[in-house]
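This structure is a prediction, so every number in the text was calculated from the model and none was measured. Naming: A, B, ... by sequence-line order, numbering from 1 per chain.
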Amino acid sequence: MPDTIDFAAELNPQQHAAATFGNGPLLVVAGAGTGKTRALVYRVAHLLGRGVPPHRILLLTFTRRAAQEMLGRVARLAGGSSARVHGGTFHATAHRLLRAYGPAAGLAKDFTILDQGDAEDLMGMSRAALGFGQRKSRFPKKETLHHVYSRHVNTEISVEDILRDDLPQFSDLAIDIKKVFAGYTTRKEERNLVDYDDLLLFWVAMLEGSPELGARIASLYDHVLVDEYQDTNALQARILRAMAATHRNITVVGDDAQSIYAFRGANVRNMLDFPKQFEGTTVVALEHNYRSTQPILDVTNTVISRARQRFTKNLFTQRTGGEAPALVAAKDEHEQTSWVVDRILELHEQGTPLREMAVLFRAGYMSADLEIELTNRKIPFEKWGGLKFLEAAHVKDVLAFLRILENPRDEVSWFRVLLLLPGIGDATARTAIDLLQARRWDPEALAELTPPPRAREAYTQLVQLFAALRDGNVDRAVPTEIAALRRMYDAILRERYDRVEPRLADLDQLEIIAGKFPSRAAFLSELALEPPSATQDLATGSSTDDDALILSTAHSAKGREWDAVFVIWAVDGWFPSSRALRSDEETEEERRLMYVAMTRARHHLAVLYPLNSYGSRWGSEYTIDQLSRFIDVGVRERMRRMAAYPAPAPILAPEALPGTPLDLRALLRGRFGAP
DNA sequence: TTTTGAAGTCTCTCC
DNA sequence: GACTTCAAAA
């Protein structure tokens with residue numbers, strides 16, 4: 001199939017060079033919209049055409065959305081033979097390798113994956129066990145501890161240096177903080193838990209720690225290709241070095257101007273230093289933009305030209321014509337919403353499908369007002385980014401039950417489940433867990449504990465539930481398990497919340513999703529690594545062919561493009577986020593994020609900023625907002641500046657009016673008995 | 001020891 | 001405006 005592709009006709013010379021490049025290290029430096037994914041996809045097709053077996057190609061990306069998109073495009077281009085190209089995010093790939101090779105490397109099987117919230121909880125347990133932060137003594141919160149830990153693992157920067165740079169107020173606590181980290185790692189090991197960072201760490205360890213195992217794993221693939229390389233971190237770079245050590249067939253594609261994951265440990269240096277890491281690297285630059293019209297490009301080029309340091313690329317296009325991007329001042333959030341919705345309907349009537357339009361924003365919650373309005377006006381939409389569904393307490397509760405069944409040593413889940421019972425708090429839960437640990441995590445051991453009187457009934461129920469679920473251990477489907485535990489849990493839910501219906505509906509959804517997986521283990525891992533990405537995915541099962549407007553965070557929008565793009569909340573403090581303005585590096589990352597958002601547009605781009613917001617944050621202050629600093633004078637003059645809606649004409653006072661004089665105050669005077 | 005109510009905290013981005 | 005934390009009461 002691949003040999004029917006006319007590479008020369010379908011690609012420009014630079015793309016062609018990248019796609020048909022032979023063996024050895026290749027770095028593709030590609031600007032936004034220059035078809036870097038296209039080059040990568042065609043390169044895979046080319047390799048297949050050269051006779052490389054699909055399962056010997058590894059295609060890595062940074063986010064799961066990018067992975068999905070890329071594998072889909074390969075499949076469409078190269079047909080069935082591509083079906084077995086290995087690919088996914090670094091984490092998902094690490095997970096697959098660990099399930100296969102982990103046992104050979106001393107990792108107990110049936111480990112469960114901690115998502116970020118779980119990892120933070122476990123960190124909190126470690127902190128509590130060591131007695132830090134109990135009193136007034138200042139000690140970082142569990143979230144902060146986890147952040148420092150994760151940053152340390154991913155960037156390979158010492159804990160001391162991270163504290164000094166990011167959290168100087170805790171600098172003198174480095175020794176104690178490291179004790180908490182030690183406790184955290186021990187707990188993970190004892191409880192057979194693996195966090196996101198461990199996935200990468202263990203991958204490296206397998207490659208570097210054992211020559212035999214390392215060689216075995218590295219030899220699984222003949223070609224390694226990486227998209228969005230500017231977003232990889234130090235650990236990932238090490239993985240790639242080891243994976244490509246023998247054959248050196250590594251292709252990486254990236255754009256330094258779109259590096260937006262430094263907060264997660266990504267380092268553009270990986271890309272800048274790639275030629276040093278791999279001697280004899282061929283560099284190909286893609287500068288021909290195929291996405292946007294010239295007026296849009298003029299604006300986005302200006303935005304990024306203000307960046308501190310970057311590879312200079314001159315993006316050009318042959319798409320002349322098109323209107324200048326709009327810069328729209330709205331009175332407040334609601335006017336911003338109205339303008340966006342009106343414009344979307346207008347474009348829709350002119351023939352642009354909803355799916356070809358997107359509204360982008362800095363953070364998930366900023367679309368709240370828009371979502372309400374869209375719902376009211378019955379405009380279908382799909383929201384990307386944000387993991388609300390899995391973060392909802394009731395969903396996590398149900399998953400905790402399942403995770404105990406999967407891995408009875410999962411302390412985080414035990415704690416969560418025990419606390420659900422009325423009359424059981426911190427102390428009793430702790431006792432129960434200590435008992436479990438002493439009894440080698442046999443759930444039946446719970447029966448030995450006499451719970452506080454108030455908790456007796458529920459506690460007995462719990463013990464019976466686990467006994468029942470364990471009895472029928474043979475091949476029980478996950479939805480059946482969920483249904484069984486919900487007989488107990490739904491009652492708790494009703495007790496706890498006033499509005500249970502939406503929550504019960506979520507759990508129904510969870511049951512349905514669970515049915516799609518062959519095993520409980522597969523279900524739980526998938527949920528941690530590839531959580532349902534859009535709310536709609538859940539609601540309808542699959543909504544891929546429905547026409548729906550896309551709402552997305554700027555981060556989740558990377559790598560995608562739409563005919564029309566609306567960037568909302570372009571207000572200083574929102575975008576850039578006020579939280580990300582503490583250092584020049586952070587500010588620069590925000591700028592690149594704005595650049596990413598604006599470069600998603602093909603034909604229509606509008607940037608909106610409400611002039612003021614009403615107590616949108618806390619309190620109920622009325623604030624006057626400033627346009628985002630990234631839309632500076634030079635950028636503005638390349639845009640069409642406009643007000644969302646014209647101010648109403650003033651009511652003119654009459655110069656003189658004939659008729660009876662009226663005394664308005666007199667109407668009320670004396671109404672309640674005059675003094 | 002658990003619960004409850006009040007005071008206090010800080011919002012993001014993703015695997 | 002939601003969620004955590006702290007202090008006091010049951």
Check: Is Phe263(A) stacked on the base of dC12(B) when the test is centres under 5.5 angstrom and planes under 30 degrees?
Finding: no
Next item on the list: Toss me the dot-bracket line for DNA chain B: Watson-Crick and G-U wobble, both under 3.5 Å, 5' to 3', using | for pairs to another strand and [ ] for crossers.
Entry: |||||||||......
Notebook entry, point to check: How many Å lie between CD on Gln169(A) and P on dC10(B), as a whole number?
Noted result: 10 Å
Check: What pairs with Trp203(A) under ring-ring contact (aromatic ring centres under 6.0 Å, His included), at least two apart in sequence or on another chain?
Finding: none
Check: Once you round it to whole Å, what is the distance between P of dT11(B) and CG of Leu581(A)?
Finding: 13 Å
Next item on the list: Could you state the atom-to-atom distance from NZ of Lys142(A) to P of dT5(C) in whole Å?
Entry: 6 Å
Check: dC14(B) phosphate, OP1 or OP2: any side-chain N/O from Thr553(A) under 4.0 angstrom?
Finding: yes
Margin query: Give me each pair satisfying salt bridge (charged side-chain N to carboxylate O under 4.0 Å, His left out) with a member in residues 196-208 of chain A, each pair once, sequence neighbours excluded.
Written below: Lys188(A)-Asp198(A), Glu208(A)-Arg238(A)
Notebook entry, point to check: Does the side chain of Arg362(A) get closer than 4.0 angstrom to OP1 or OP2 of dC12(B) through an N or O atom?
Noted result: no
Margin query: For a quick test of reading the model: is some side-chain N or O of Ser556(A) closer than 4.0 Å to OP1 or OP2 of dT13(B)?
Written below: no
Note to self: Just by distance, no angles: are the side chains of Asn233(A) and Asn154(A) close enough, under 3.5 Å, to form a donor-acceptor pair?
What the structure shows: yes
Check: Which pairs count as side-chain hydrogen bond (donor to acceptor under 3.5 Å, both in side chains) when at least one residue sits in residues 412-421 of chain A, sequence neighbours excluded?
Finding: Asp397(A)-Arg416(A), Arg403(A)-Ser413(A), Asp410(A)-Ser413(A)
Set out, line by line, the N/O atom pairs under 3.5 Å between protein and nucleotides 8-10 of chain C.
none

Item checked: Sequence-distant partners of Arg430(A), salt bridge (charged side-chain N to carboxylate O under 4.0 Å, His left out), two or more places apart -> Glu411(A)
Next item on the list: Show your reasoning for whether side-chain contact (heavy atoms from CB on, under 4.5 Å) applies to Met488(A) and Leu421(A).
Entry: CA-CA 10 Å; Met488(A) 174 178 186; Leu421(A) 308 184; 3.6 Å; yes
Checklist line | Length of the CD-P vector between Glu333(A) and dG1(C), whole Å | finding: 12 Å
Notebook entry, point to check: Is it the case that Arg629(A) and Thr587(A) place a side-chain donor and acceptor less than 3.5 Å from each other?
Noted result: no
Margin query: So, using side chain to side chain contact (heavy atoms under 4.5 Å, CB included) as the criterion, who are the partners of Leu449(A) when residues are at least two apart?
Written below: Thr431(A), Ala432(A), Leu435(A), Tyr459(A)
Notebook entry, point to check: Who passes ring-ring contact (aromatic ring centres under 6.0 Å, His included) against Phe202(A), sequence neighbours left out?
Noted result: none
Next item on the list: Answer with base, sugar-phosphate or nothing: what part of the nucleic acid does Phe62(A) contact at a heavy-atom distance below 4.0 Å?
Entry: sugar-phosphate
Next item on the list: Using salt bridge (charged side-chain N to carboxylate O under 4.0 Å, His left out) as the criterion, list what pairs up with Glu373(A), not counting sequence neighbours.
Entry: Arg377(A)
Item checked: Arg264(A) NZ/CZ over Phe62(A) ring centroid, <6.0 Å and within 45° of normal -> yes
Next item on the list: Look at the side chain of Thr63(A) and decide which nucleotide, out of dT13(B), dC14(B), dC10(B), has an atom nearest to it.
Entry: dC14(B)
Note to self: When the C1' atoms of dT4(C) and dT13(B) are compared, how many Å lie between them, rounded to an integer?
What the structure shows: 23 Å
Check: When the C1' atoms of dC12(B) and dT5(C) are considered, how many whole Å apart are they?
Finding: 23 Å
Item checked: Nearest-Å distance for atom pair CE/C1', residues Met594(A) and dT13(B) -> 14 Å
Expected rows: protein N/O vs nucleotides 1-5 of chain B N/O, under 3.5 Å:
{"unit_1": "dT2(B)", "atom_1": "OP1", "unit_2": "Gly425(A)", "atom_2": "N", "d": "3.1"}
{"unit_1": "dT2(B)", "atom_1": "OP1", "unit_2": "Thr428(A)", "atom_2": "N", "d": "3.1"}
{"unit_1": "dT2(B)", "atom_1": "OP1", "unit_2": "Thr428(A)", "atom_2": "OG1", "d": "2.1"}
{"unit_1": "dT2(B)", "atom_1": "OP2", "unit_2": "Ala427(A)", "atom_2": "N", "d": "3.2"}
{"unit_1": "dT3(B)", "atom_1": "OP1", "unit_2": "Gly423(A)", "atom_2": "N", "d": "2.7"}
{"unit_1": "dT3(B)", "atom_1": "OP1", "unit_2": "Arg454(A)", "atom_2": "NH1", "d": "3.2"}

Checklist line | His147(A) NE2 - dT13(B) P separation (whole Å) | finding: 15 Å
Check: Rounded to whole angstroms, how far apart are CD on Gln116(A) and C1' on dC12(B)?
Finding: 11 Å
Notebook entry, point to check: Tell me: CZ of Phe361(A) to P of dC12(B), nearest whole Å?
Noted result: 14 Å
Note to self: Please classify the nucleic acid contact of Glu589(A) as base, sugar-phosphate, or nothing, using heavy-atom distances under 4.0 Å.
What the structure shows: nothing
Margin query: Using the salt bridge (charged side-chain N to carboxylate O under 4.0 Å, His left out) criterion, which residues pair with Asp434(A)? Sequence neighbours excluded.
Written below: none
Check: Among dC14(B), dC10(B), dT11(B), which is the nearest nucleotide to the side chain of Lys141(A)?
Finding: dC10(B)
Next item on the list: Could you pick out which residue, Glu590(A) or Ala92(A), lies toward the 5' side of DNA chain B when each is mapped onto its nearest nucleotide?
Entry: Glu590(A)
Checklist line | With sequence neighbours excluded, residues passing salt bridge (charged side-chain N to carboxylate O under 4.0 Å, His left out) with Glu589(A) | finding: Arg592(A)
